[in-house]
2 protein chains.
Amino acid sequence: MGERAAHEAARVEVERRVAHLVAVAKEAGVKLTHQRLEIFRELASTEAHPDADTIFRAVQQRMPTVSIDTVYRTLWMLHDLGLVTTLGPSRHAVRFDANLAPHHHYVCVRCGLVRDFDSEALNALQVPDKVGQLGSIIDAHVEVRGLCAACQGAE
Amino acid sequence: MGERAAHEAARVEVERRVAHLVAVAKEAGVKLTHQRLEIFRELASTEAHPDADTIFRAVQQRMPTVSIDTVYRTLWMLHDLGLVTTLGPSRHAVRFDANLAPHHHYVCVRCGLVRDFDSEALNALQVPDKVGQLGSIIDAHVEVRGLCAACQGAE
DNA sequence: TCCGAGTTGCGTATCAGACGCATCTAGGAA
DNA sequence: TTCCTAGATGCGTCTGATACGCAACTCGGA
């Protein structure tokens, strides 16, 4: 896939996600404000799993009056609607993810960069039965940790 | 393995980890204060991946004068010495782990509970080659997300 | 036993995230 | 198209987690 085609595919995917948001929001009876659209579009356009503050700064470029509050509230609303997921076990300093398809993560232990990767083989991995005793299972994914190329260069 | 035998095995494992700390600390030339020993022992005795504040409260029971500061400083020092690892991509609200052996995590999406589980099969999983382009690979583990038994009961 | 580099705990600063409330607006009703 | 109100926004403020400077303290080698 060429540079141009990849870019086009990404654009189409963003629009698909936005359309899904529009449908789900209508269904749930929540209003589609400009702020919400911009916040979701920002998140849906990246694979970098930004935190709330990063999204805030990006949206602020196009919409100088947004407040960080609205970003937080919108992200958790999107989460409650099932439109985004979160990374990490904590509710503090959470990172968000608008990619609902099965996928896996590469995490840089130094700078915190996170990138998605796909793998049919890993999607099919079998969780041991005993894990079911701990609670229900929503999903399972692989987390690969390492030092990203940029941090290796900075060593 | 019986209740009693399991308890004994856990105690031996904690002592093994403490002995490792003593050796590494001497090698690195850092002092082994009572605070550091208690903090490490607390972390080495649990599989619950506590955050700094949880460790602080536990250590405080036995040592009322410890400060939360010392807990933070000690945890990151242990991390720098390679004696503990962290969960999650962020440096904020991090959770710590003194189990250096390969293992996997079950994470409750509601309450943040984390439990370890082992699996020979999952330890052996193959990461796709393309991931190597993102950076070096330190380790890979599976993260299973779900609703833990306690939270299911509270629904 | 003594001494100094390293460590601790306190006070305080900073930053992420959340909440109350007055103001504003999306979007259905007329 | 205009009107109206439930729901959303943004500001000021609060809380809670984490970090830092510094004076007092302590580990561990001489």
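Throughout, a chain's letter reflects where its sequence line sits, starting with A, and its residues are numbered from 1.
Across all strands, A/R73 comes closer than 4.0 Å to base atoms (heavy-atom distances). Residue contacts shown for B/L32 are limited to sugar-phosphate atoms, with no base heavy atom under 4.0 Å away.
Aromatic ring orientation, A/H104 versus A/H141: tilted (interplanar angle from 30° to 60°).
Other residues, nucleotides and ligands contribute over 12 non-hydrogen atoms within 6.0 Å of the NZ atom of A/K130.
Considering only the side chain of B/K31, D/dT26 comes nearest among D/dT26, C/dT25, D/dG12. Checking C/dC10, D/dC11, D/dA19 against every side-chain atom of B/S67, the shortest atom distance belongs to C/dC10. For B/D53, taking side-chain heavy atoms from C-beta onward, the closest of the listed nucleotides C/dT25, C/dC19, D/dA17 is D/dA17.
One finds a side-chain N or O of A/H34 lying less than 4.0 angstrom from the OP1 or OP2 phosphate oxygen of C/dA26. Contact between the side-chain N/O atoms of A/Y72 and the OP1/OP2 oxygens of C/dA18 is not found at any separation under 4.0 Å. For A/T70 and D/dG10, the shortest distance from a side-chain N or O to OP1 or OP2 is below 4.0 Å. Between B/Q35 and C/dG9 there is a side-chain N or O to OP1 or OP2 distance below 4.0 Å.
The nearest whole Å value for the distance from the CD1 atom in A/I68 to the C1' atom in D/dG12 is 15 Å. Going from atom CZ of B/R57 over to atom P of D/dG16 covers 11 Å, rounded to whole Å.
Minimum interatomic distance between A/Q60 and A/V66 (heavy atoms only, all atoms of both residues): CA-CG2, 3.9 Å.
Salt bridge A/E13/A/R17: present, at least one basic N to carboxylate O contact under 4.0 Å.
The 5' end of DNA chain C is approached more closely, in terms of each residue's nearest nucleotide, by B/G29 than by the other of A/T33 and B/G29.
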